[in-house]
Structure formats: C-alpha cells, structure tokens
A.B. asks: 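Below you'll find the structure I mean.
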Protein chains: 2
Amino acid sequence: MRRETRVPRPTIADVARQAQVSKSTVSRVLNGQTSAMRATTHERVEQAIADLGYRPSALARSLTLGRSRTIGLLISDVGNPFYAEVIQGVEDLALSEGYSLFTANTRYDLLRAERLIASLADHEVDGVIVMSSMLSERCVALLRQRGIPAVVIDWPCQVEIGRVGAVRVDYASGIDQAIEHLVSMGHRVVGHLSGPAHLPTSQTRTTAFLEAMAARGLDAQSAPVVTGTLRMEGAGDALASFLAHSPQPTAILAANDQSALGLLFAAHGMGLSIPGDLSLIGLDDIRLASQVSPSLTTIALPRLHLGRMATEMLLGLVQGQAAEPPIATVTTRLVVRSSTAPPMKETR
Amino acid sequence: MRRETRVPRPTIADVARQAQVSKSTVSRVLNGQTSAMRATTHERVEQAIADLGYRPSALARSLTLGRSRTIGLLISDVGNPFYAEVIQGVEDLALSEGYSLFTANTRYDLLRAERLIASLADHEVDGVIVMSSMLSERCVALLRQRGIPAVVIDWPCQVEIGRVGAVRVDYASGIDQAIEHLVSMGHRVVGHLSGPAHLPTSQTRTTAFLEAMAARGLDAQSAPVVTGTLRMEGAGDALASFLAHSPQPTAILAANDQSALGLLFAAHGMGLSIPGDLSLIGLDDIRLASQVSPSLTTIALPRLHLGRMATEMLLGLVQGQAAEPPIATVTTRLVVRSSTAPPMKETR
DNA sequence: CTGAAAGCGCTAACAT
DNA sequence: ATGTTAGCGCTTTCAG
C-alpha cells in the first residue's frame with residue numbers, strides 16, 4: 001500500500017477553478033489587491049486557497065517578477081564563532097522582510113568562492129552579503145561584474161562606486177578604551193598579539209593599538225608586537241615571545257578573543273597567573289569570553305547589530321533606495337571582566 | 001556618468017540568435033546532449049555562450065524541470081560549535097553534486113521553524129536536512145505533510161515510513177570506551193553530567209553511561225548523575241553537586257564538551273586540579289577541546305562524516321534510489337588527552 | 001541533425 | 001469588478 005504518486009502541489013489554476021474565478025483574481029488576492037473586489041469573490045478565493053492548502057511557488061513568482069526575494073550570505077567559515085551572531089542578525093532581519101538566505105562558506109578558498117558566487121548568481125539572488133575578510137575584494141569584484149548588489153562587512157578597503165555598500169567596524173574606539181583602562185591601572189608596557197600581517201583587519205587593529213599607546217605618551221616603538229594567527233593554536237609560542245621581550249609587558253591586547261584565550265590557556269599551562277602576572281584583553285566578546293576562568297576582559301563587537309545593519313543596507317540597495325554613500329560604521333566598547341588588574345610592582 | 005541601466009543577463013534566446021541556431025540546440029549543448037550534433041554547430045554555440053558570458057537561469061530551469069537542485073538545512077542554532085563541521089560536511093557534498101543550500105536557524109522556536117519550513121517548501125527545495133534535536137519531530141511531520149524528503153540527524157526516535165531517513169549516532173560505543181578507560185586507570189566512582197532530561201539525546205547518553213558502568217560491575221545506582229544544560233553556564237553548580245556527593249567521584253563524564261569545559265573552568269576557578277583532583281571526559285571533540293589546558297579527553301563524533309552521510313542519504317531519497325531502510329549509524333570513539341589520569345589514592 | 005511549439009506557475013497590462 | 005493574454009527562461013516532445 002505504498003502511495004508512490006508524488007502529489008503535485010496545487011497551482012494558481014487549481015485555486016481559480018475551485019473558486020470559479022480567473023487566475024488573475026486569485027493572483028490579486030495573493031497580492032493583497034483586494035480593495036476593488038467584491039467581498040463574496042474575495043471570500044470564495046480565500047476559501048479555495050485554504051481548502052487546497054495552496055501556497056504560491058516562489059520559483060514561478062521570481063521568474064515573472066525578476067526578483068527572487070532571496071539573498072546570499074558569503075562567509076569564510078561557519079566554524080568561526082565570531083560569525084554566528086552576525087548570521088543571526090542577518091537571518092532575523094532577512095526573514096522578517098520575507099527574504100530567504102542562501103548561505104555559503106568560502107573556506108578561505110578563492111576558487112570555491114568563485115564557484116559559490118556563480119551559483120548564487122545563477123539562482124538570481126537579489127543581493128549578497130560578504131563576510132570573508134581575505135576574499136572580500138575578489139568576491140566583490142565578481143559580484144559587481146554580474147551586477148549583483150552587495151554589502152561587505154568589516155572590510156576596511158575603499159568601496160568603489162556601484163551598488164556596493166560596506167559596514168565598517170570602528171575598532172579604534174574600543175581599543176582606545178582598552179589601553180586607557182590598562183594605563184589607568186598603572187600598566188606602562190603593553191604588548192599586542194596581532195593577526196596575520198596580510199589581513200587588512202590586522203593592520204587596522206595594530207595601528208589603532210599603536211596610536212592609542214602613542215596618544216598616552218607610551219613608547220609605542222618598544223611595545224612588543226607579536227604576529228599571531230587569530231586562532232588559539234600557537235599562542236604558547238607567542239606568549240614565550242612576549243615573556244622574552246625586554247622590557248617584559250605587564251599586559252597584552254590580543255587582536256581577537258580566540259588568540260587571547262590561547263594566551264590564557266597557555267599561561268595556565270605555564271603556571272602563570274592571570275591577571276596576577278599578566279593582564280589580558282581580547283576583542284570580539286565571543287560567548288566563551290565570559291565563561292572561561294578568569295573571565296576575559298574584552299572589546300565587544302555588536303555582532304547582531306552588524307548583521308542587521310548589513311542586511312538593512314543591502315535591502316536598501318536592492319530596492320534602489322540606496323543611502324549615499326552606502327557606508328555605515330559600528331563602534332566597539334570595552335567590557336571589563338576579570339582578566340585585567342593593576343600590574344605587580346616589580347616592573348623592572 | 002552613472003550607468004543606472006541594469007543590464008539584463010543574456011537568455012538562451014540571445015545565445016540562439018548569436019549562434020544562428022534554435023533555442024533547442026542551445027539547450028542540448030547546455031545539457032550535454034551533443035553526441036548527435038554537427039561539430040561546427042556545437043562549436044558555434046559554445047562560442048556564443050562564451051562571448052555573451054551566458055549562464056542558464058537556475059530559476060527557469062527549476063520551474064520547467066520540477067526540481068530545484070536546492071536543499072534546505074534546518075539547524076537549531078549556528079552558534080552551537082557542534083554544528084559547524086556538520087554544516088561543512090553537508091555543504092561539501094551538496095556543492096560537489098551541484099546542489100545549493102538554503103540554511104535556516106530554528107533558534108529552538110517551533111513557530112519560527114514552521115515559518116522556515118514553509119519558506120523552504122515555497123522555494124521548492126528538493127529535500128531538507130534537519131539538525132534540531134528538540135524540534136525534529138514536529139519539523140519532520142510538517143515536511144512529510146508537504147511531501148518533502150528529509151533526513152534527520154541524531155534523532156533517536158522512530159522513523160516512520162515515507163521519504164524520511166535518519167542518521168543516528170552510536171554514542172554507546174564511545175561512552176563504553178570512555179568508562180573502560182577510566183576504570184582501567186583505577187576509577188571506581190564516576191559521575192555523569194547529563195543534558196536536560198527532556199532531550200532524547202540526553203537520555204540516550206545517560207543510559208549508555210549507566211550501562212557501561214553496570215557492565216563493569218560498578219555501582220551504577222550510586223553513581224552521581226547531575227542534570228546540566230549542555231552549556232558552559234551553570235557548570236559551577238554542577239561541580240559543587242558532584243563534590244558534595246558521597247562517595248565523591250574521581251572522574252566525571254559530561255554529556256558534551258561544552259559542559260565538560262564548563263566543569264574544567266569551574267574547577268580552575270575553585271583551585272581544583274584537573275586531572276589531579278578530578279578526571280574529566282567530554283563528548284563531541286569540538287575544536288576547543290584540544291586547545292584548552294589541560295586538553296580535554298573526549299568522545300569524538302565524526303561530524304564532517306555525519307554531514308556527508310546525511311547529504312548522501314538525502315540525495316538518494318531525492319533521486320528515488322532510496323536505500324531501504326534509510327537509516328545509517330556513525331560510531332563514536334574515545335580520544336585520550338590530558339584531562340584524565342589515575343585517581344589519587346585517597347579515595348575514601 | 002535541428003527547429004517549432006507547448007508548457008512549468010505566476011503576474012501585469014489591457015480589455016470588458 | 002473580473003477575465004484574457006502575453007510573456008518570464010528554460011526543456012522537451014514531435015516534426016521534419
């Protein structure tokens with residue numbers, strides 16, 4: 001007794017027949033153009049729709065309308081905890097505006113990114129949000145080439161003309177607060193664990209660090225800056241570098257929470273006390289930051305907001321009501337927790 | 001000098017005109033039905049396609065073909081690090097098979113899940129993969145109702161007939177190894193930090209734990225089982241419960257890595273040494289597990305594989321070549337790291 | 001070996 | 001106030 005027959009979903013024609021009206025009438029009901037319609041007709045159509053459990057085909061609709069109410073979300077790596085909330089922000093707003101999301105991970109692979117973008121274009125997404133720092137430039141170029149509106153998140157480079165927007169992150173504000181926090185507690189030698197040098201965002205953060213130091217008359221020149229990976233791995237080596245540096249830093253600002261946590265765990269492993277022997281500040285405020293022990297003082301990025309803003313901007317571009325210039329900035333702010341404290345007085 | 005004019009993408013008709021052939025011929029080239037075609041014709045068409053930079057519209061194709069080469073991925077929460085790799089597994093295989101992914105987060109919200117499923121259905125996805133333990137049952141019901149093939153991941157309940165498959169996780173194998181590992185080191189009192197009682201998967205794990213204990217003649221009855229949240233928060237309270245228990249456990253098996261790490265951090269905070277004072281075993285083997293200090297002994301779940309299998313199964317269902325019964329199981333295995341050691345001999 | 005024509009499900013003029 | 005018609009871009013008989 002297997003019912004192999006795939007019951008085809010009802011179409012607008014089925015509804016029309018059932019309600020004894022034309023397809024146009026049904027279509028009007030579907031699109032709310034019901035003002036100049038006889039109440040009984042309206043009623044009959046609604047009834048038929050309900051009876052048949054009819055739902056319009058997004059595919060067919062997209063084809064006729066020329067827009068798909070679909071947007072692409074290009075991410076470098078879902079596994080990066082940083083992105084999760086941004087995704088939520090995007091999804092929330094997109095959903096509430098009736099858009100669906102094609103999500104795709106570039107995996108930091110340009111070839112893959114190209115294929116994904118091609119695929120998104122093939123599916124006629126109305127726009128794309130790009131959150132893939134290393135690949136953003138190429139991605140945006142490809143998208144522009146296909147005439148697809150796009151918004152880049154946290155990509156400090158110049159946004160050229162065209163239907164491309166950008167949501168920037170003002171790291172400097174939070175980083176400045178962080179340095180102020182350390183300095184006011186008495187720290188004088190502060191180290192910086194940066195991200196890979198080729199990432200624009202690493203440079204931005206490092207620059208902001210150096211400027212914040214200089215602004216307080218600290219010797220930014222001799223401040224130990226170690227290049228890390230933005231990941232937890234390898235933090236042990238980085239920590240060793242800091243400890244070998246002279247003068248030895250009493251506090252370290254890491255380029256992100258992951259690497260800060262790497263330092264934290266490495267310190268644990270070496271029997272170093274945080275914040276007793278060393279103060280630590282991260283950046284991002286990922287969930288984990290508040291859950292480790294000691295909880296991590298960090299510079300919070302409003303990620304949900306970031307996602308929402310990007311989506312809002314993209315939908316603006318899609319609907320042609322582009323803000324000029326399509327650039328927005330979100331600020332960061334310090335969240336003080338337990339990984340920072342005044343330095344011990346043995347600062348040589 | 002703004003070019004406001006949205007250049008419409010070339011259609012199959014444009015290619016046909018350019019190549020001086022009919023749409024049918026172009027379509028044949030597009031679909032590789034080129035065997036019985038004059039070489040010069042084929043050549044001309046390829047040329048025209050290249051010249052125009054033509055790409056077929058997935059939308060139009062889906063409409064005529066009746067299948068969209070699109071699948072939905074229903075997740076409860078992207079923020080859960082557990083899912084990231086599964087997603088990668090799904091995406092990898094889907095991509096290589098020419099499928100695109102609609103991803104959607106239920107956020108553990110049934111209403112939201114319903115809307116998302118409706119949306120997926122509206123977009124005529126060919127199938128859906130569900131990875132949302134709490135909501136799976138309802139989700140599958142809704143999908144079945146709309147006649148959409150589905151595969152559930154890690155949902156231990158009965159799979160009814162219909163085009164629904166399941167990929168199970170055999171927790172018992174890894175949990176048994178874990179207990180064996182502890183017992184062979186001399187542990188006799190082992191605690192279990194379980195997940196919320198209403199989650200089927202919590203029950204599965206707890207049962208496996210108790211059985212593994214009993215199988216070794218240990219007093220499963222008096223083994224302290226504390227109900228946790230599967231999250232890091234609240235681990236402090238759980239740890240306190242374990243420590244207050246008599247006899248006090250010398251090792252704890254947590255239901256997942258997150259809660260194990262919660263215990264780890266809580267122990268740090270209380271000055272307890274891991275594994276000196278207490279051995280700890282997690283489950284999942286999330287990235288973080290190998291990065292914390294001490295690194296976490298845990299039961300590894302082959303997540304990439306999980307995603308791949310689910311996708312493979314779904315595509316099988318979609319293409320009608322369903323394996324009978326559509327159920328697969330992946331096994332788990334213990335990964336020994338540094339959070340486990342023999343108990344101190346002061347076991348009262 | 002290739003073309004003409006119908007149709008997938010929907011919307012939008014343009015009638016009436 | 002509602003129906004008719006012509007597409008949107010593609011595939012697929014069916015003819016030649």
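The shown structure was predicted, so the numbers you read here are calculated from the model rather than taken from an experiment. Residue numbers begin at 1 in each chain, while the letters A, B, ... track the order of the sequences.
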A.B. asks: Rounded to the nearest Å, what distance is computed from the CD atom of residue A:Q20 to the P atom of nucleotide D:dG3?
C.D. replies: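 Taking CD of A:Q20 and P of D:dG3, I get 10 Å after rounding.
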A.B. asks: With no hydrogens and no angle check, is any side-chain donor or acceptor of B:R9 less than 3.5 Å from a backbone partner on A:A121?
C.D. replies: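 Side chain of B:R9 to backbone of A:A121, a donor-acceptor pair under 3.5 Å: yes, one is there.
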A.B. asks: May I have the distance from B:R55 (atom CZ) to D:dG9 (atom P), rounded to whole angstrom?
C.D. replies: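 Checked: the CZ to P distance equals 17 Å.
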A.B. asks: Let me spell it out: for each of B:S35 and B:A60, pick the nucleotide of DNA chain C with the closest heavy atom. Which residue's pick is nearer the 5' end?
C.D. replies: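 Its nearest nucleotide lies further toward 5', so the answer is B:S35.
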A.B. asks: To the nearest angstrom, how far is B:I49 atom CD1 from D:dC10 atom P?
C.D. replies: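 Going from CD1 in B:I49 over to P in D:dC10 covers 10 Å.
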A.B. asks: C:dG3 phosphate, OP1 or OP2: any side-chain N/O from B:T25 under 4.0 angstrom?
C.D. replies: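 Answer is yes, contact under 4.0 Å.
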A.B. asks: Does the side chain of B:S100 pick up a donor-acceptor pair with the side chain of A:H123 at under 3.5 Å?
C.D. replies: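 Per modelled atom types, B:S100 and A:H123 side chains form a pair under 3.5 Å.
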A.B. asks: Roughly how many Å is it from CZ in B:R44 to P in C:dC1, rounded to a whole number?
C.D. replies: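 Whole-Å distance recorded here is 15 Å.
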A.B. asks: Between B:D122 (CG) and C:dC10 (C1'), how many Å, whole number?
C.D. replies: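 Value for this atom pair: 13 Å.
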A.B. asks: Which residue, B:V21 or A:A13, contacts DNA chain C at a nucleotide closer to its 5' end, judged by nearest heavy atom?
C.D. replies: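 Taking each residue's closest nucleotide, the earlier one in sequence belongs to B:V21.
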A.B. asks: Which heavy-atom pair separates B:A94 from B:L101 by the least distance, and what is that distance?
C.D. replies: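 So the two residues come closest at CB-CD1, 3.8 Å.
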A.B. asks: Work out which heavy atom in A:G165 is nearest to a heavy atom in A:L317; give both atom names and the distance.
C.D. replies: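 So the two residues come closest at N-CD1, 3.7 Å.
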A.B. asks: Should the pair A:R112-B:D92 be classified as a salt bridge under the 4.0 Å nitrogen-to-oxygen rule?
C.D. replies: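 Between B:D92 and A:R112 there is a salt bridge, with a charged N closer than 4.0 Å to a carboxylate O.
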A.B. asks: What does the B/S/- profile of nucleotides 11-16 of chain C look like, 5' to 3', with a 4.0 Å heavy-atom cutoff to protein?
C.D. replies: BBB---
A.B. asks: With a 4.5 Å cut-off on side-chain heavy atoms, are B:L95 and A:L116 touching?
C.D. replies: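 Yes, their side chains come closer than 4.5 Å.
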A.B. asks: Could you tell me whether a side-chain N or O of A:S119 sits under 3.5 Å from a main-chain N or O of A:R115, the two making a donor and an acceptor?
C.D. replies: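 No, the answer is negative, given that no donor and acceptor are paired below the 3.5 Å cut-off.
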A.B. asks: Can you measure B:R67 atom CZ to D:dC10 atom C1' for me and round it to whole angstrom units?
C.D. replies: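 In whole Å, D:dC10 C1' lies 13 Å from B:R67 CZ.
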A.B. asks: Whole-Å distance between D:dG9 P and A:L59 CG?
C.D. replies: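 Roughly 14 Å, once rounded to whole Å.
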A.B. asks: Just the rounded figure in Å: distance from C1' of D:dT12 to CG of B:L63.
C.D. replies: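 B:L63 atom CG is separated from D:dT12 atom C1' by 14 Å.
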A.B. asks: Applying a 4.0 Å non-hydrogen cut-off, can you work out what B:T41 is touching in the nucleic acid: base, sugar-phosphate, or nothing?
C.D. replies: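 B:T41: backbone/sugar contact only, no base atoms under 4.0 Å.
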